[in-house]
Amino acid sequence: MRRQIIEQTALDVAHQIRAVEDSIEAALIELAELQNRMIRARSVTGVGIATGHDALEQVVVSLQGLIHARGGMAQCHAALVSAKQQVPGLRTTSFGDGQDCPPAPQVGTLRAVA
């Protein structure tokens, strides 16, 4: 019973790590899209290049922060994989078998059919 609780707790942590990593990457995608739209908006409106530059710099600062957070989560993930060796009952589980822990959710692609 205790072993099952330990394994379930470790799996819960692994799923949360994956959720945080995915959230950071989703935020990176959104910020990159915002940056793209801001640059395009300046071009379309024909205003001077200095217009909105301060805002664009803040988007870049935010991107850098998220890149740093992404690296921190990668290090956290690696540290937890290493730490599992110190938790009785986790050393013999299938965690760390070379796959992402836990595996990334399978995402299907949609196709238009006529």
Side-chain angles (χ1 to χ4, degrees):
M1 180 70 167
R2 178 167 160 72
R3 182 180 174 140
Q4 290 173 334
I5 292 170
I6 291 171
E7 288 178 1
Q8 185 58 50
T9 301
L11 186 59
D12 291 345
V13 169
H15 282 290
Q16 191 62 36
I17 290 284
R18 168 68 69 187
V20 171
E21 290 169 346
D22 290 347
S23 294
I24 291 171
E25 294 218 326
L28 281 167
I29 290 168
E30 293 299 326
L31 272 169
E33 181 61 28
L34 175 60
Q35 181 181 23
N36 181 35
R37 289 178 187 216
M38 288 171 68
I39 292 168
R40 189 175 309 136
R42 195 225 44 93
S43 176
V44 168
T45 59
V47 297
I49 199 164
T51 303
H53 184 77
D54 291 342
L56 186 60
E57 282 183 335
Q58 292 308 307
V59 169
V60 170
V61 168
S62 298
L63 278 165
Q64 289 173 330
L66 278 174
I67 294 291
H68 184 74
R70 185 178 185 269
M73 286 308 303
Q75 290 175 356
C76 174
H77 195 144
L80 287 172
V81 168
S82 176
K84 77 172 180 169
Q85 297 301 319
Q86 299 170 4
V87 178
L90 282 183
R91 284 176 253 172
T92 58
T93 66
S94 62
F95 287 85
D97 60 357
Q99 299 293 320
D100 288 335
C101 21
Q106 298 298 315
V107 178
T109 56
L110 298 176
R111 294 184 304 176
V113 291

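All values derive from a computational prediction rather than experimental measurement.
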Please name all residues satisfying side-chain hydrogen bond (donor to acceptor under 3.5 Å, both in side chains) with Q75, sequence neighbours left out, ordered by chain then number. none
Hey, is the main chain of I5 close enough, under 3.5 Å, to the side chain of T9 for a donor-acceptor pair? yes
Under 3.5 Å, which donor-acceptor pairs do the side chains of residues 44-57 form with other protein atoms, sequence neighbours left out?
unit_1, atom_1, unit_2, atom_2, d
T45, OG1, A41, O, 2.9
T45, OG1, R42, O, 3.1
T51, OG1, G48, O, 3.3
H53, NE2, E57, OE2, 3.1

Contacts satisfying salt bridge (charged side-chain N to carboxylate O under 4.0 Å, His left out) that involve residues 58-81 (not counting sequence neighbours) are E25-R70
Surrounding CD of E33 (heavy atoms of other residues, nucleotides or ligands, distance under 6.0 Å), is the total greater than 12? yes
Calculate, to the nearest 0.5 Å, the distance between atoms CG and NE2 belonging to L63 and H68 respectively. 14.5 Å
Atom pair CD (E30) and OG (S62), whose distance is rounded to the nearest 0.5 Å: 13.5 Å
Same cluster or not: are V59 and I67 linked, directly or through other Ile, Leu, Val, Met, Phe, Trp or Tyr residues, by side-chain heavy atoms under 4.5 angstrom apart? yes
Quick one: list whatever passes side-chain hydrogen bond (donor to acceptor under 3.5 Å, both in side chains) with Q8, sequence neighbours left out. D12
Closest approach of L66 to A27 (non-hydrogen atoms, all atoms of both residues): CD1-CB, 3.6 Å
Going by side chain to side chain contact (heavy atoms under 4.5 Å, CB included), name the residues that satisfy it together with L80, two or more places apart in sequence or in a different chain. V13, I17, C76
Looking at CD of Q16 and CD of E21, how far apart are the two atoms once the value is rounded to the nearest 0.5 Å? 10.5 Å
State yes or no: do I24 and V60 share one hydrophobic cluster built from I, L, V, M, F, W and Y residues joined by side-chain heavy-atom distances below 4.5 Å, directly or via other members? no
Separation between CG of L31 and CE of M38, rounded to the nearest 0.5 Å: 10.0 Å
What residues form a side chain to side chain contact (heavy atoms under 4.5 Å, CB included) with I29, not counting sequence neighbours? none
